[in-house]
Amino acid sequence: MFDTLSDRLAATFKNLRGKGRLSEADIDATAREIRIALLEADVALPVVRAFIKQVKERALGAEVSQALNPAQQVIKIVNEELIGILGGETRRLRFAKTAPTVIMLAGLQGAGKTTLAGKLGLWLKGQGHSPLLVACDLQRPNAVNQLSVVAERAGVGVYAPEPGNGVGDPVQVAKDSIEYARTKQYDIVIVDTAGRLGIDQELMQQAADIRDAVSPDEVLFVVDAMIGQDAVNTAEAFRDGVGFDGVVLSKLDGDARGGAALSIAHVTGRQIMFASNGEKLDDFDAFHPDRMASRILGMGDMLSLIEKAEQTFSQEEAAKMASKLASSKGKDFTLDDFLAQMEQVRKMGSISKLLGMLPGMAQMKEQINNIDERDVDRTAAIIKSMTPGERQDPTIINGSRRARIARGSGVDVSAVKSLVERFFEARKMMSRMAQGGGMPGMPGIPGMGGGPGRQKKQVKQAKGKRKSGNPMKRKAEEQAAAARREQAQQGGAFGLPNGEPGKDFELPDEFKKFMG
């Protein structure tokens with residue numbers, strides 16, 4: 001959603017890099033580019049004005065003028081101000097002292113309230129709660145049935161005593177749901193209310209009546225992130241008419257410009273609490289202003305990536321895989337283990353989304369968008385077409401076995417051969433990293449260099465030629481080294497003396513015999 005804004009800001013900051021000092025003209029030009037980028041992203045004009053004013057004031061102060069790297073300091077200021085307009089710190093749900101906690105969802109029709117009720121229910125269930133979804137949208141056709149289906153998919157309870165489609169009293173359903181939740185021991189009640197295509201008095205009155213009937217601990221305004229400036233106007237109308245405590249952004253994975261998301265928190269004074277960024281029920285999480293600002297500026301979102309990994313991978317399994325890779329040059333790590341790891345990564349979500357969270361991946365946006373998610377399924381199909389013996393020891397896979405595996409998985413023989421070769425390469429690399437022999441120059445850090453033995457070796461190599469303890473001899477060595485350096489500086493491109501190529505150049509005696 002923020003791709004256009006990210007690209008414009010990246011281009012703006014690129015012009016600043018490499019400048020030792022920033023003049024007032026440089027800062028004015030940067031502020032102008034940022035202003036254009038924000039307006040093109042559909043950010044509300046009052047928000048843009050306040051943002052640019054803050055950035056310019058801070059950029060013209062001592063904070064930047066006395067900095068060692070002024071360009072990085074400006075990026076830091078923009079990052080902090082972005083976090084500010086997105087709401088500052090992450091806002092958490094308030095829970096009732098006595099269960100159940102009541103959460104009411106409000107918003108226009110089509111904003112995605114019903115689906116979002118299921119996503120929020122699944123998210124709360126993952127936090128150890130027992131949520132109940134309440135069907136109070138009795139106007140929209142099949143809204144009650146949709147909520148029941150969503151609740152079943154999320155594995156949470158549902159309270160839907162009325163058939164809907166214009167039948168039933170939503171206020172009475174909301175009232176009765178609280179007692180039902182107490183009886184059935186649900187600790188959270190999520191009330192899904194009706195919406196309208198636009199703001200009208202009937203919508204506001206019904207929302208206000210449900211609010212008064214259940215006294216919710218949180219009223220969350222659900223807004224479609226793709227509707228642009230109208231999202232801000234709708235949010236203001238709901239705030240004044242019904243009142244809400246926090247905002248939930250739906251359809252954040254859309255291709256709209258996304259400025260509404262940057263405007264709502266600043267204009268309404270209510271923070272964004274959750275964001276939905278996909279169609280699946282688990283494409284939903286708490287909204288972190290600092291992480292979103294980091295993504296907009298192309299710095300990635302490592303914290304969210306780590307959290308996803310922690311939720312998906314068990315420490316026990318990770319330790320088991322690490323021990324397999326560390327022992328006997330990784331030969332204990334089989335294609336079965338490779339498949340298990342791949343399926344675990346797949347559970348974390350879309351590969352392109354995961355790669356987008358890595359720092360520096362903004363420059364590879366086009367390649368990431370072209371990733372075919374089905375490649376993982378094809379790889380899994382190839383491995384599953386192998387016999388248990390072939391998965392344990394891929395070295396036995398010969399030409400006839402490759403042909404059989406290719407027929408079984410519906411791919412070319414070359415794809416099977418390529419997968420086996422890539423597996424051996426990946427296993428070798430992972431084994432080296434697991435044993436501490438990964439990236440050179442980083443001794444003593446697991447996976448980033450050697451262990452103690454390797455560290456000693458590197459230190460020994462770094463010492464170079466020892467100096468003599470005799471002062472006269474040491475002086476002679478230093479003079480000889482200085483003479484060699486001077487000769488090298490006077491030499492040409494290939495170490496030959498300047499001037500006529502080859503003139504006065506003599507090969508050492510030991511090389512003359514090779515030259516005939």
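Atom set for the values below is all heavy atoms of this structure, side chains included, hydrogens, waters and symmetry mates excluded.
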*Check step by step if side-chain contact (heavy atoms from CB on, under 4.5 Å) holds for Leu133 and Val156.*
CA-CA 8 Å; Leu133 308 190; Val156 298; 3.9 Å; yes
Looking at [Y], is its backbone amide N or carbonyl O close enough to the side chain of [X] to form a donor-acceptor pair, meaning the two atoms are under 3.5 Å apart?
| X | Y | answer |
| --- | --- | --- |
| Asp245 | Val219 | yes |
| Asn145 | Asn142 | no |
| Lys119 | Ser276 | no |

Supply the atom-to-atom distance [X] [atom1] to [Y] [atom2], rounded to the nearest 0.5 angstrom.
| X | Y | atom1 | atom2 | answer |
| --- | --- | --- | --- | --- |
| Leu419 | Ile397 | CG | CD1 | 8.0 Å |
| Ser130 | Leu124 | OG | CG | 10.5 Å |
| Phe244 | Thr268 | CZ | OG1 | 4.5 Å |
| Ile188 | Leu93 | CD1 | CG | 7.0 Å |
| Leu220 | Leu116 | CG | CG | 8.5 Å |
| Asp377 | Ser409 | CG | OG | 12.5 Å |

*Applying side-chain contact (heavy atoms from CB on, under 4.5 Å), run through Met386 and Ile382 and close with a yes or a no.*
CA-CA 7 Å; Met386 297 176 184; Ile382 293 171; 4.0 Å; yes
_Residues forming a side-chain hydrogen bond (donor to acceptor under 3.5 Å, both in side chains) with Ser177, sequence neighbours excluded_ =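 Partners of Ser177 by the side-chain hydrogen bond (donor to acceptor under 3.5 Å, both in side chains) criterion come out as none, since no residue qualifies.
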*Step by step, work out the side-chain contact (heavy atoms from CB on, under 4.5 Å) result for Val189 and Tyr180.*
CA-CA 10 Å; Val189 173; Tyr180 179 85; over 6 Å; no
Looking only at heavy atoms, which two atoms of [X] and [Y] are closest? And how far apart?
| X | Y | answer |
| --- | --- | --- |
| Pro141 | Asn165 | CA-OD1, 3.1 Å |
| Ala154 | Lys125 | O-NZ, 3.6 Å |
| Asp217 | Arg94 | O-NH2, 3.4 Å |
| Ala151 | Gly157 | CB-O, 4.2 Å |
| Pro394 | Val420 | CB-CG1, 4.1 Å |
| Gly164 | Val144 | CA-CG2, 3.9 Å |

*asked:* My understanding is that only residues two or more places apart in sequence, or in another chain, count here; which of them pass salt bridge (charged side-chain N to carboxylate O under 4.0 Å, His left out) with Arg402?
replied: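 Salt bridge (charged side-chain N to carboxylate O under 4.0 Å, His left out) list for Arg402, sorted by chain: empty.
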*asked:* Run the salt bridge (charged side-chain N to carboxylate O under 4.0 Å, His left out) test against Glu33 and tell me which residues pass, sequence neighbours left out.
replied: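 Salt bridge (charged side-chain N to carboxylate O under 4.0 Å, His left out) list for Glu33, sorted by chain: Arg8.
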*Pair listing, salt bridge (charged side-chain N to carboxylate O under 4.0 Å, His left out) test, anchored in residues 385-399, at least two apart*: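 Salt bridge (charged side-chain N to carboxylate O under 4.0 Å, His left out) check on residues 385-399 returns Asp336-Arg391, Glu390-Arg401, Glu390-Arg404.
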_Pairs involving residues 144-158, ordered by first then second residue, that meet salt bridge (charged side-chain N to carboxylate O under 4.0 Å, His left out) (sequence neighbours left out)_ =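 Qualifying pairs: none.
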Using side-chain heavy atoms (C-beta onward) and a distance below 4.5 Å, is [X] in contact with [Y]?
| X | Y | answer |
| --- | --- | --- |
| Ile36 | Leu38 | no |
| Ile34 | Phe51 | yes |
| Ile264 | Val223 | yes |
| Val150 | Leu281 | yes |
| Leu120 | Phe284 | yes |

For [X], which residues count as a side chain to side chain contact (heavy atoms under 4.5 Å, CB included) partner, sequence neighbours excluded?
| X | result |
| --- | --- |
| Pro161 | Tyr159, Val173 |
| Leu339 | Met342, Glu343, Ala380, Ile383, Lys384 |
| Ala29 | Arg32 |
| Ser414 | Asp412 |

*Output every pair passing ring-ring contact (aromatic ring centres under 6.0 Å, His included) with a member in residues 127-146, not counting sequence neighbours, ordered by first then second residue.*
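Qualifying pairs: Phe95-His129.
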*asked:* Enumerate the ring-ring contact (aromatic ring centres under 6.0 Å, His included) contacts for residues 398-426, please, sequence neighbours excluded, ordered by first and then second residue.
replied: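 As it turns out, the ring-ring contact (aromatic ring centres under 6.0 Å, His included) pairs with a partner in residues 398-426, which skip direct neighbours, are Phe338-Phe423.
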*Under 4.0 Å between a Lys/Arg side-chain N and an Asp/Glu carboxylate O for Glu218 and Arg91?*
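Yes, this pair counts.
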*When you look at Thr234 and Phe221, which way does the side-chain contact (heavy atoms from CB on, under 4.5 Å) test go after all the steps?*
CA-CA 10 Å; Thr234 308; Phe221 175 63; 3.8 Å; yes
Output a table of donor-acceptor pairs, distance under 3.5 Å, between side-chain atoms of residues 100-115 and any protein atom two or more places apart or on a different chain; print 'none' if there are none.
from   : atom 1 : to     : atom 2 : distance (Å)
Thr101 : OG1    : Ala96  : N      : 2.9
Lys113 : NZ     : Gly107 : O      : 3.3
Lys113 : NZ     : Leu108 : O      : 3.3
Thr114 : OG1    : Arg140 : NH2    : 3.1
Thr114 : OG1    : Asp192 : OD2    : 3.0

